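Quick caveat: nothing in here was measured; it's all calculated off a predicted structure. Convention: sequence-line order gives letters A, B, ...; per-chain numbering from 1.
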Amino acid sequence: MDHGENAGTAAAGSARPPAGNGSAPSLPERYDPAAVETAAQAFWDETDTFRVTEDPSREKFYCLSMFPYPSGRLHMGHVRNYTIGDVVSRYQRMRGRNVLQPMGWDAFGLPAENAAIENRVPPAKWTYRNIADMKAQLRRLGFGYDWSREFATCTPDYYRWEQWMFARMYEKGLAYKRNAEVNWDPVEGTVLANEQVIDGRGWRSGAPVERREIPHWFLKITDYAEELLAGLDGIGWPDAVKTMQRNWIGRSEGVEFDFAPAGGGAPVTVFTTRPDTIFGATYMAVATGHPLAAEAAAADPAVASFIEECRRMETSEASLETMDKQGIAIGRNAIHPMTGEEIPIWIANFVLMSYGTGAIMAVPGHDHRDHEFATQYGLPVTQVIRPADGEDLDIAAGAFVEPGIVMNSGQFDGMTSAAAFEAIADWLETTGKGRRTVNYRLRDWGVSRQRYWGCPVPVITSEKRGERPVPAERLPVVLPEDVNVSGGGSPLATLPEFVETTDPETGDPARRDTDTFDTFMESSWYHARFASPDCDTGMVDARADYWLPVDLYIGGIEHAILHLMYARFFHKVMRDEGLIESDEPFANLLTQGMVLNETFYRGDPNGGATYYSPMDVDMERDDKGRVTGARLTADGEAVTVGRLEKMSKSKNNGIDPADMVGRYGADTIRLYMMMQSPPYQTLEWSDAAVEGAFRFLRRLWRMVADHVAAGPVADLATDRLTPDQRALRRKIHETIAKAGDDVGRRYTFNTAIAAVIEMLNALRARDDATPQGRALHREGLRAAILLLAPVVPHVAHALWPALGGEGPVVDAGWPEADPTALQRDTVTLVVQINGKLRGRVNVPAGAERDEAEAAARANPNVARHLEGRSARKVILVPDRLLNIVV
RNA sequence: GCCGGAGUGGUGGAAUCGGUAGACACGACAGACUCAAAAUCUGUUGCCUGCAAGGGUGUGCGAGUUCGAGUCUCGCCUCCGGCACCA
């Protein structure tokens, strides 16, 4: 019986005449990726497939991948990120959702300035050219973006709203100015990014960097600390990322109290989370930037030179925390508020001005760092907590940091740490010497950058009225684009036509701020801008509330803290400004792992190394396929095999996606990326596995072509199948169920693809030419094409009509498993004796313990192991396992 | 240093809620086809032992909980990400 539904739906590029009676479409025998991909992409372009509009009658799905910095070349990390996003987007579309998948450009940043210095190209020109190149590469990969929403953050249409937002924050008291430390290159006379400091020296000048204080604008993210913490509970993010954000916010409850300097002077406030150890404070320490340190430096040249020494240090926390602990006594004492005893005041390089009050009570007995410092400088160590289990310990040998029982603490002796916390806090509060307080590790966000290629800080200063943001109707403050960047400070300060302006209200002469914003500002709200990219009346308009929040946000794990925290903060400020309704920007988050590759190098005499591209190296392997060495193809000489590293320019181990697409086509690269490992793990590049992905597509194509060539197919009559055919059909529907769960819930695309391959292998292993056999074969092939369509959309686009699919495969419904096909009469039960596998038995599905045990005992190998022993316990995991304990 | 994560065959990985360790793929080896090669197809493939049936062993290292641990707990080792101016 003829189906008839296939009539007239031949694939594009079909070369062969129709088979049989003319109703079956035919396919080219060979898989030709270039032809297939050109045709599919032309179809999507012509029909504007991925352009979306708001439709309240349909459920929306907003899938967002972190937009790229336009470096010029797409790298494999991008391809991985965007393939994941495209797979999810196409899957949700097949499930009937109104899917928004936009793309844009995070276009401001340091690399454009570096490129400008190296190549003498203005950053704007360089950036726009890169955007054009990268866009072409993205299109070639077949990602389903709504390009009508594209924007670059370096355009005034975008950043004017960022400037507007800054002005609003200023008016609400969320933006303020104070001094902050930067890395200063004394030779270049510029501020260096942490990345530009290598081993404490400027990367270009080689000069030791210094810490220097300059005025900066700050945003009060700390006002939102409590909400940023609470909001984590309600979002579908990986636990690891939520934990990192919680720890970054670092909410801690403790007490704040004052030490009075002996001999008078302003009291010094300290914060501690361990008031139970307060009697163990044997000295106090302040940061080098603390007022008390400045006071001491003025009086004592030794102190001044110590502080000067500490200044020759980069600003990153990692370097501050790993350096040797050093300090100097200022020669004054402080009065302990509880004992009345005097303890010495030290300046210590490990006390951070930016955390707490910039001063600490040091309890060497019960804090590792205080202990290390005390030991180094011979300061006394007092034990005031003992272990609750009565264990003896030598406090001089190391700090005891756990809670325990209080000792050597007067009236508080014998209390638990928890009880002493409350009692001592009460005592401080009733005597007025201190108070309970909540402290956060989170610091306000410094957004000023002394750079050119960024969004200008929209602030003017006039003599009469001082510093004020530019009024909304005067925005944007446009960044001049036709400039020379030569290193040595921001060019903005040297452009009088930029700097010199007038106060818009009084007409008085005024000067512009010549700093630009941190580029994290742009990436903090682009997710919202995609909903209304052309809005010229505000940051966003009403369309934003249709699309927001983002349903799935995908990007690198390296953004787990900073970018994701800043975007959450901005979103909440926008909500409080009445611009959007949602509380959180990203309802769900998928953090992808990095793309790694092997490295090959030769050391050179002066200690450096030359890295060679894996493409220029031949591997040597032993008979098991293990790598034993490598030689450079060019000269046949050995190169050292390094470790696996993230693909990068410096290690010369990048693989150019454009090359791979040229060789195998976009679908092969997409498939490879998705089948090689789950998205949240690192992915190790393998040429051989790419080849394997290509071979699979060729095999799939052949299977479909052969099936179609064999002529028309009968309708499937599920009630007339042989037991073998029923088993095969169960396999097909188990695969549909598993792949759907893997793609939709688990995002483990690798296991979904493996399941489909397994099913296709089963299909191929059975050469069943009966009418029902062929119908079943078609059901399996159609399921495979639908399940793979999000991953290899071009191939699916070509094969779907050949299998009788109606309409383009992008809008075909995602397959659902037929529950009747999944039913089993019997199951295989694993039989263990004392937890060791001794056999397998078939039992009716749902068999109870007695029945299962009887079946197990009938198995000869099981019986042999049970001989002469009686069962003490029998454990049944229904339909899975039976464990007999003897 | 602090915070977070990872470690399973020759390789990438699978094992989803504590229940068959190694699905699927790559590689390797053997065979078929071929004048030959490529391509394709078939088979074998954790390690030790055994003619076989089978047995032992095995998830970075060391302990523990459990009838049962790759999975949970504790202590280590190694590697990766982040640490506020790379994005």
(request) Using only side-chain N and O atoms of A:Ser686, determine if any of them is under 4.0 Å from OP1 or OP2 of B:rC26. (result) no
(request) Remember a base hit wins even if backbone is also touched, and classify A:Lys738 as base, sugar-phosphate or nothing at under 4.0 Å, heavy atoms. (result) base
(request) Output yes when at least one side-chain N/O atom of A:Arg698 is less than 4.0 Å from OP1 or OP2 of B:rU40, else no. (result) yes
(request) Would you indicate whether the side-chain heavy atoms of A:Pro68 and A:Met103 approach each other to under 4.5 Å? (result) yes
(request) Would you kindly give the CD-to-C1' distance between A:Glu684 and B:rC79, to the nearest whole Å? (result) 12 Å
(request) Return no unless some side-chain N or O of A:Asn761 is found under 4.0 Å from OP1 or OP2 of B:rA23. (result) no
(request) State whether A:Trp248 and A:Arg441 meet the cation-pi test: NZ (Lys) or CZ (Arg) under 6.0 Å from the six-membered ring centroid, and within 45° of the perpendicular axis. (result) yes
(message) On the side chain of A:Arg702, is there an atom forming a donor-acceptor pair with the base of B:rU40 - under 3.5 Å, no angle test?
(response) no
(message) Under 3.5 Å, is there a donor on one side chain and an acceptor on the other for A:Thr222 and A:Asp444?
(response) yes
(message) Just N and O in the side chain of A:Arg441: are any of them under 4.0 Å from OP1 or OP2 of B:rA84?
(response) no
(request) Look at A:Arg449 together with A:Glu113 and state whether they make a salt bridge at an N to O cut-off of under 4.0 Å. (result) no
(message) With a 4.0 Å cutoff (strictly under), does any side-chain N or O of A:Arg695 reach OP1 or OP2 of B:rG27?
(response) yes
(request) Give a yes/no answer on whether the side chain of A:Arg838 brings an N or O atom under 4.0 Å of OP1 or OP2 in B:rG56. (result) yes
(message) Between B:rC85 and A:Gln450, counting only base atoms on the nucleotide and side-chain atoms on the residue, is there a donor-acceptor pair under 3.5 Å?
(response) yes
(request) May I ask you to say what A:Val830 touches in the nucleic acid, namely base, sugar-phosphate or nothing, with a heavy-atom cut-off under 4.0 Å? (result) base
(request) Verify the ring-centre separation between A:Phe108 and A:Tyr159: is it less than 6.0 angstrom? (result) yes
(message) B:rG54, OP1 or OP2 - any side-chain N/O from A:Asn861 closer than 4.0 Å?
(response) no
(message) Determine whether a donor-acceptor pair (one donor, one acceptor, N or O, separation below 3.5 Å) exists between the side chain of A:His563 and the base of B:rC86.
(response) no
(message) So A:Met594, base contact, sugar-phosphate only, or nothing? Heavy-atom distance under 4.0 Å.
(response) sugar-phosphate
(request) Establish, with yes or no, whether the OP1 or OP2 oxygen of B:rG68 is under 4.0 angstrom from a side-chain nitrogen or oxygen of A:Lys873. (result) no
(message) Please confirm whether the shortest side-chain N or O distance from A:Arg746 to OP1 or OP2 of B:rA15 is below 4.0 Å.
(response) yes
(message) Any N or O donor-acceptor pair under 3.5 Å from the base of B:rU20 to the side chain of A:Arg840?
(response) yes
(request) Examine B:rG4: is either OP1 or OP2 under 4.0 Å from a nitrogen or oxygen in the side chain of A:Asn247? Give yes or no. (result) yes
(message) Checking one value: the base orientation of B:rC51, syn if chi is within 90 degrees of 0, otherwise anti.
(response) anti
(message) When you measure from the side-chain N and O atoms of A:Gln592 to the phosphate of B:rG5, is any distance below 4.0 Å, counting only OP1 and OP2?
(response) no
(request) Ignoring the backbone of A:Asn883, work out which of B:rU57, B:rG13, B:rC67 is nearest its side chain. (result) B:rC67
(message) Ignoring hydrogens and geometry beyond distance, is the side chain of A:Asn194 in donor-acceptor contact with the base of B:rC85 at under 3.5 Å?
(response) no
(request) When you get a sec, tell me which of B:rU16, B:rG68, B:rA84 is the closest nucleotide to the side chain of A:Glu317? (result) B:rA84
(message) Please tell me if A:Gln681 has a side-chain N or O lying less than 4.0 Å from either OP1 or OP2 of B:rA6.
(response) no
(message) Working note: A:Leu564 + A:Trp237, criterion side-chain contact (heavy atoms from CB on, under 4.5 Å); need CA distance, chi angles, decisive distance, verdict.
(response) CA-CA 11 Å; A:Leu564 289 170; A:Trp237 288 20; 3.9 Å; yes
